[in-house]
Asker: 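If you scroll down you'll find the structure; I have some questions about it.
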Amino acid sequence: MKTWLTQHRAALTLALRRLRAAPLNSLLSILAIGIALALPSGGYLLLSNLQRLAQKAAPTPRLSLFLSIDSDRRTASELGVRLKAHAGISSYIFLPREQTLARMKKNEGLGDVIDALGHNPFPDAYAITPASSAPEAMEALAAELRGWPKVEHIQIDSAWVRRLDALLNLGRSGLALLAALLGGGLVAITFNTIRLQVLTQRAEIEVSRLLGATDAFIRRPFHYFGALLGLAGGLAAWLIVSLATLALRGPVNQLGQLYALNFDLATLGPVEACWLLFAATLLGLGGAAISLRQHLKQH
Amino acid sequence: MIRFEHASKRYPGSIAALSDVSFEVARGELVLVGGHSGAGKSTLLKLVAAIERPSGGTVLVNGQNVGALRPRAIPYLRRNLGLVFQDQKLLFDRSALDNVVLPLAIAGLPPREAAKRARAALDKVGLLAREKAMPIALSGGEQQRLSIARAVVNRPNLLLADEPTAHLDAETARDVADIFLDFHRVGVTVFIATYDDHYFEAAAPRKLVLSHGQLQ
C-alpha cells in the first residue's frame, strides 16, 4: 500500500514536471482542449437557460374557450356543467364578459378604444387546465371542444412553449452530437501530445525497462500527464464559459426587462462543473491510454 | 548463477551471433568474456539480462529460464541484476543522484530511503561530491562510475558489464576495474565482457573466449 502510494506520487510529480518542462506546448494543448470543451458546455448552458425562460414565461399549458358573443349566461353555465363532467379536464375558471371588460379597461390606452366601441366586445370565456399536458391530448381536447354548440374559438395558450420544447429537444440531440465530436477531438489532442511525450522520453523509457521497470511503472506518469492535461483543459473550459456568461449577463438582463421578464442568465452550477472536470479528466486519460497502447509497443 | 546449455542466438537475416554455447558461472565467481569485436560478447550479456531471447538451447539465470520467461516476469528478473552498459545509458536530463535513484524508484522505495541508498552507492564509486552534477558535466571515467553506482544501488547478486573499461585512459580504467573487484570481494557474482583482461588479473578470474559466436 505504501509502495503503491509512493509510486503514484512519484508518477504524479513526474507528470507535473513534464507539463512544466514545455510550458508553451502544455498551455496550447490545454487551451485547445478548453475551447473544444467550452463549445458543448456553452451550448448546454444556452439550452438550460432557454428552458428556464420557457418555464418562467408559461408555467402550465392552458386552453382558452370563447363562447360566441350572442350566447347568454344560461348557455355558459350549461357548458360549465359539461366541462365539469369531462374526464380530460382537471379544472376550469369561468371568465364573465363584464369582468373581462373591466380588466381590459384598466389597460392604458385600451380603455378609450373600448369606450369608443359603445358595447362590450368581449365574450364569456373559460380558462381550462387539461388533465394531460401532452400536446396530442391537448390538440384532441381542443378539437372536441370546438364541436360543442355556441363555442366560437378554442386557443391553446402555451402552444409556443410546446414548440420551443420540441426545438430544445432537437437542440439537445445536436448538442450531444457536438459533445461526442469534440470529446473525440480531446482524445485526439491528448493522443498526439502523449505520442510526442513518448518520443521525448524514449531514453528514459528504454533505461527504465532495462532497470526492471514494469509496464505499469512506465505508463503511470503518462496516464497522469493525460489526465492532468484533460483536467486543466476542463478548468479552462469552465473559465471560458463562466467568463462568457458573466459578460452576457448584463445585456441579457436588459433584454429581459424590455419583455417584462426578470431573467438572470445562469452559469454552470457546482455539480455541472464537477461533471465537466470529471469528463475532461476521463477523456484525457483515455487519450493517453490509447496513445500508449499504440506507441509503447514500438520500443 | 548463470547456466548456458547449447544456447544459440540468430538475428533475423544474419549469421548466428552465438551458436551452441554452454558454460556455467557459479555464485560469487568473477568471469571475463573475451574475444574480438563482433564475436558475440554483447549478445551473450543480452541473453543473460533477458534483453534478447535465445533462438535455441536454454539460458538459466538465478534458476529462471530466460527463454521461457513471461514478458511480465522479466522486470523482476532484471531487478536482481546490476547492468553496466557499453554506452552507459545515463539519463542526461537529471542529476547524478537522480540517475542512481531511478532503479530504487522503480522498485518502489520511498524517496527518502532511496536517496540515502543512492548516496551510499555514489560514495562507493567516489562520486558523492558530484551528486548534483548533470551527467554531461562528468568526465568519461566519472560517467562510467556513475553507471556502476546505478547498477549496484539495488544490491544485486549478479553484476553484468559490457566493456566497462573501453574508451578510458589506463589510470581511469584501472580505477573502474578496481570497483568491480571490490564487489567481487564482497561476494557479488561479476560477469564482464572485456578485452582488457589485465586490469582484472589481481582476482585471477576465469576467462571465456568467444570467436565467431562459439566458445573456444
Side-chain angles (χ1 to χ4, degrees), chain A residues 1-26 193-225 227-228 289 292-299, chain B residues 45-46 48-52 61-62 69-95 98-115 118 135-136 146-147 149-156 158 160 162:
Chain A
M1 184 65 195
K2 201 171 165 204
T3 306
W4 185 85
L5 269 180
T6 305
Q7 295 209 325
H8 275 267
R9 207 176 57 190
L12 183 60
T13 317
L14 193 59
L16 280 169
R17 206 171 61 196
R18 286 177 187 169
L19 270 175
R20 263 207 315 264
L24 191 65
N25 281 355
S26 305
T193 314
I194 295 289
R195 185 180 69 88
L196 291 175
Q197 278 287 316
V198 169
L199 287 178
T200 321
Q201 312 296 333
R202 181 187 271 156
E204 182 171 344
I205 292 169
E206 189 204 346
V207 170
S208 298
R209 283 235 165 103
L210 289 173
L211 296 177
T214 55
D215 263 9
F217 180 89
I218 288 167
R219 280 161 200 260
R220 212 173 285 132
F222 291 105
H223 283 156
Y224 272 108
F225 188 91
L228 281 174
L292 286 177
R293 222 177 40 208
Q294 278 290 311
H295 300 112
L296 278 186
K297 282 265 164 63
Q298 296 156 12
H299 297 280
Chain B
L45 288 180
K46 280 179 180 164
V48 177
I51 296 167
E52 300 286 355
V61 176
N62 269 336
L69 220 51
R70 285 179 306 125
R72 285 174 153 280
I74 289 174
Y76 302 98
L77 173 93
R78 290 200 185 135
R79 287 183 198 180
N80 290 320
L81 308 177
L83 299 176
V84 177
F85 306 98
Q86 194 168 4
D87 55 351
Q88 287 137 9
K89 297 199 187 297
L90 297 171
L91 294 176
F92 284 86
D93 62 346
R94 57 188 73 191
S95 69
D98 285 342
N99 265 283
V100 182
V101 160
L102 187 59
L104 300 175
I106 286 169
L109 239 68
R112 202 179 293 256
E113 170 79 11
I136 197 79
L146 180 58
S147 79
R150 187 182 62 186
V152 300
V153 72
N154 248 346
R155 297 171 193 158
L158 174 58
L160 299 175
D162 194 1

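Numbered from 1 within each chain, the chains take letters A, B, ... in sequence-line order.
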Asker: Would you mind checking which part of Ala203(A) comes under 4.5 Å of any heavy atom in chain B, side chain (CB onward), backbone (N, CA, C, O), both or neither?
Answerer: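 Both parts, backbone and side chain.
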Asker: Using non-hydrogen atoms and a 4.5 Å limit, figure out which bit of Phe85(B) sits close to chain A: side chain, backbone, both or neither.
Answerer: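 The answer is the side chain of Phe85(B).
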Asker: So, using side chain to side chain donor-acceptor pair (under 3.5 Å) as the criterion, who are the partners of Glu206(A) when residues are at least two apart?
Answerer: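 Testing Glu206(A) for side chain to side chain donor-acceptor pair (under 3.5 Å), a comparison that skips the adjacent residues, returns Lys89(B).
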Asker: Relative to chain A, which segment of Arg72(B) carries a heavy atom at a distance below 4.5 Å: side chain, backbone, both, or neither?
Answerer: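 Neither part.
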Asker: Look up atom CG in Asp93(B) and atom OG1 in Thr200(A), then write down how far apart they are to the nearest 0.5 Å.
Answerer: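 Here the rounded value is 10.5 Å.
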Asker: Of the listed residues (Ile106(B), Asn80(B), Leu109(B), Leu77(B)), which shares the most heavy-atom pairs with chain A below a 4.5 Å separation?
Answerer: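 The residue among Ile106(B), Asn80(B), Leu109(B), Leu77(B) with the greatest pair count is Ile106(B).
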Asker: Do Arg209(A) and Pro75(B) make a side-chain contact, defined as non-hydrogen atoms from C-beta onward lying under 4.5 Å apart?
Answerer: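 Sidechains of Pro75(B) and Arg209(A): no contact.
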Asker: Select one option (side chain, backbone, both, neither) describing which atoms of Ala107(B) are under 4.5 Å from chain A's heavy atoms.
Answerer: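 Contact with chain A involves the backbone of Ala107(B) alone.
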Asker: For Gln7(A), is it the side chain, the backbone, both, or neither that has a heavy atom closer than 4.5 Å to a heavy atom of chain B?
Answerer: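 For Gln7(A), side-chain heavy atoms alone lie under 4.5 Å from chain B.
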Asker: So Leu211(A) and Leu102(B), do their side chains get closer than 4.5 Å, heavy atoms only?
Answerer: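 A side-chain contact exists here, since the closest heavy-atom pair is under 4.5 Å.
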Asker: Could you work out, with side-chain contact (heavy atoms from CB on, under 4.5 Å) as the rule, every residue matching Arg17(A), not counting sequence neighbours?
Answerer: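 Once residues adjacent in sequence are excluded, the partners of Arg17(A) under the side-chain contact (heavy atoms from CB on, under 4.5 Å) criterion are Leu14(A), Arg20(A), Arg94(B).
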Asker: Side-chain contact test, heavy atoms from C-beta onward, threshold under 4.5 Å: evaluate it for Glu113(B) versus Thr6(A) and give yes or no.
Answerer: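 Side chain of Glu113(B) against side chain of Thr6(A), heavy atoms only: no contact under 4.5 Å found.
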Asker: Minimum heavy-atom separation for Thr214(A) to Arg79(B), with atom names?
Answerer: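 For Thr214(A) versus Arg79(B), the nearest heavy atoms are CG2-NH2, 3.6 Å.
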